[in-house]
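To start, the structure under review is shown below, and the notes come after it.
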Amino acid sequence: MVTYPDARSPLKSLRRLRVVLAAAVAAALLALLSIAGQTHATAATTAAAPAADAGAGYWHTSGRQILDADNQPVRIAGINWFGFETSNDVVHGLWSRDYKSMIDQMKTLGYNTIRLPYSDDIFKPGTMPNSINFYNMNTDLQGLNSLQVMDKIVNYAGSIGLRVILDRHRPDAGGQSALWYTSTVPETTWITNLKALATRYQGNTAVVGIDLHNEPHDPACWGCGDTTVDWRLAAERAGNAVLGVNPSLLIFVEGIQTFNGVSGWWGGNLMGAGQYPVQLNVANRVVYSAHDYATSVAQQTWFTDPSFPANMSAIWDKYWGYLFKQNIAPVWVGEFGTTLQSTVDQTWLKTLVDYLRPTSGNGGDSFSWTFWSWNPDSGDTGGILKDDWQTVDTVKDGYLSSIKAPGFGGSSGGTNGGTSSGTSAGTSTGTSAGTSAGTSSGTSAGTSTGTSTGTSAGTSTGTSTGTTTGTTGGTGGNHGCSAALHVDNQWDAGFTATVTVTNTGTAATSGWKVAWTWPGNQQETSGWSATITQTGASVSAVNLAYNGAIAPAASTSFGFQGTSTGTVGAPALTCTAS
């Protein structure tokens with residue numbers, strides 16, 4: 001019998017607590033960043049998978065596969081981007097970066113799906129997101145409530161070929177609940193809000209489905225028949241309610257903690273699903289979801305078994321893998337992650353990735369997954385991004401390379417309750433392909449250490465120096481632009497900078513290019529919101545698809561990180577608009 005360690009629950013709670021604490025300090029951090037005008041650097045280090053024909057329309061299931069509207073198998077190979085479930089009521093990191101820039105980076109790295117955790121707090125009237133930086137970024141989010149910001153993220157992700165799974169993570173921002181309801185958030189509220197989301201995104205194929213509740217655990221049961229604790233029956237009630245208003249969605253159902261006396265990870269025990277399947281009114285909509293973690297989250301008996309890691313395949317088979325291997329239903333590992341600090345954790349992740357089946361040779365006939373997490377502020381796993389919210393942990397990301405999968409092409413957008421109709425439709429098709437080509441080689445080496453040390457010291461002093469307004473160059477007639485480079489921060493061996501591009505013409509631009517020549521040995525190492533190339537001392541930056549259009553007198557911006565010995569200086573910029 002596999003026993004569930006007593007330490008698992010408090011450690012899991014500690015992980016969530018750390019996330020909440022991270023959310024609490026975000027507002028203070030945002031204030032500092034707004035004062036400094038600080039923008040960090042990105043490192044998009046892995047080329048995106050090539051565009052694929054698969055993924056059209058709404059999806060359904062057949063046996064162990066997820067199929068698109070054309071009956072082609074698809075593989076969810078994604079990332080968790082949390083924050084809507086915290087007191088920020090919005091995804092984290094928007095205090096440092098533009099949301100489109102981060103989604104572009106996800107695609108560039110080869111992730112094709114975003115799991116968005118949320119709490120029911122975002123449905124409360126007057127709930128507004130906090131800790132969003134609007135200084136030269138996220139400008140189209142100003143004044144929007146949390147659900148409207150979610151619309152923006154969903155629409156933009158869909159427009160560049162990513163899909164979204166909405167995850168009811170918590171009943172409120174206070175913390176995870178064992179059951180799908182609490183004394184303050186009853187089942188009726190849970191189902192009402194699930195239906196509201198299903199209605200909101202009806203017709204928007206960017207949203208492929210809803211994860212009904214995150215990590216049910218003791219006293220939740222599976223198949224016991226007690227409607228107050230039987231998670232399988234609750235999933236049927238909620239799933240049918242969702243499909244009653246949007247019958248095209250997939251319904252993602254997580255496991256529990258304990259079945260027939262055998263315990264495992266919260267949400268990771270699907271042993272009862274074979275005997276007691278979730279049966280919905282619309283066929284071919286159920287995808288089972290498991291969670292699995294390493295020792296950085298909690299210790300489990302299998303990690304200290306002398307046969308580790310050879311024992312892991314049988315462990316996973318028992319808890320959830322059998323559903324896939326016996327062709328019962330698709331399985332999506334909705335969360336798995338680790339800090340990778342221990343040898344055991346490194347071995348665990350490699351073994352799990354092998355178990356999930358490489359995309360090469362298997363394609364969509366594979367386990368689906370979303371890694372935990374994109375965010376660096378997950379206390380006991382860390383993230384794909386490092387603490388600067390820009391630099392990629394290339395080691396961690398590299399472990400996932402064999403199971404990444406192609407994107408799906410631009411999705412159709414819905415009205416989303418009228419809140420953001422058409423906001424992103426068609427704005428960015430194909431924007432990420434080649435977006436960071438050549439801009440980021442070698443960016444991870446030493447980036448975090450240099451960025452963290454000295455980043456605050458000196459941020460406020462000298463932040464207005466190094467600003468140079470460039471000349472206006474147009475392709476003729478009513479087109480023109482100017483550019484200003486601002487050195488946001490400088491330390492011993494490096495710096496970050498923001499370039500603001502302003503339309504000085506009388507007609508909207510369709511594109512722009514900024515060029516300059518460094519006065520010294522400065523070298524751009526990574527950038528965001530533009531395609532930046534450097535040859536010798538000469539640098540050019542060209543807009544991405546989503547920020548090429550600038551209205552008269554309006555502005556957009558891009559940023560980068562570089563190396564420099566001595567003062568960066570103020571190069572003369574030229575700006576050409578079309």
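Throughout, numbering of the chain's residues begins at 1 and tracks the sequence. This one's a predicted model, so the numbers in the text were calculated from it and none came from an experiment.
Pairing each heavy atom of Gly255 with each of Trp222, the nearest pair is CA-CZ3, 4.2 Å. Heavy-atom minimum distance, Ala196 versus Phe123: CB-CE2, 4.2 Å. Of all heavy-atom pairs spanning Gly264 and Asn269, the tightest one is N-ND2, 4.5 Å. Summarising the geometry of Pro330 relative to Val286, their closest heavy-atom pair is CD-O, 3.8 Å, with the distance given to 0.1 Å. Closest approach of Ala235 to Val253, counting heavy atoms only: CB-CG1, 3.8 Å. The minimum heavy-atom distance between Val74 and Ala54, with the atom names listed, is CG1-CB, 3.9 Å.
If you check the side chains of Asn214 and Gln176, you find a donor sitting under 3.5 Å from an acceptor. Using modelled atom types and a 3.5 Å distance limit, the side chains of Thr258 and Asp218 yield a donor-acceptor pair. In this structure, a donor-acceptor pair under 3.5 Å is absent between the side chains of Thr338 and Trp348.
Only one option out of Trp266, Tyr181, Trp180, Tyr276 pairs with Trp231 in a ring pair (Phe, Tyr, Trp, His ring centres under 6.0 Å); it is Trp180. Partner Phe367 forms a ring pair (Phe, Tyr, Trp, His ring centres under 6.0 Å) with one of Tyr288, Phe336, Trp332, Trp320 and no other, that one being Trp320. Exactly one residue among Val287, Ile210, Val208 makes a side chain to side chain contact (heavy atoms under 4.5 Å, CB included) with Ile165. That residue is Val208.
Taking the six-membered ring wherever Trp is involved, the centroid distance between the rings of Trp372 and Phe82 falls below 6.0 Å.
Both tests do not hold together for Lys350 against Tyr399: distance to the six-membered ring centre under 6.0 Å, angle to the ring axis within 45°.
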Decide side-chain contact (heavy atoms from CB on, under 4.5 Å) for Leu250 and Tyr58; before the verdict, give the C-alpha distance in whole Å, the side-chain angles of both, and the deciding distance to 0.1 Å. CA-CA 9 Å; Leu250 294 176; Tyr58 279 110; over 6 Å; no
Working for salt bridge (charged side-chain N to carboxylate O under 4.0 Å, His left out), residues Arg237 and Asp230: CA-CA 11 Å; Arg237 295 192 295 273; Asp230 192 328; over 6 Å; no
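The shortest distance between side-chain heavy atoms of His60 and Asn71 falls below 4.5 Å. Taking the side chain as every heavy atom from C-beta outward, Val91 and Tyr99 never approach each other to under 4.5 Å.
Taking Thr182 as the reference, Pro171, Ser177, Thr184, Val185 meet the side-chain contact (heavy atoms from CB on, under 4.5 Å) condition, with sequence neighbours excluded.
Comment: Asp345 does not engage Lys396 in a salt bridge, judged by the lack of any side-chain N to carboxylate O separation of less than 4.0 angstrom.
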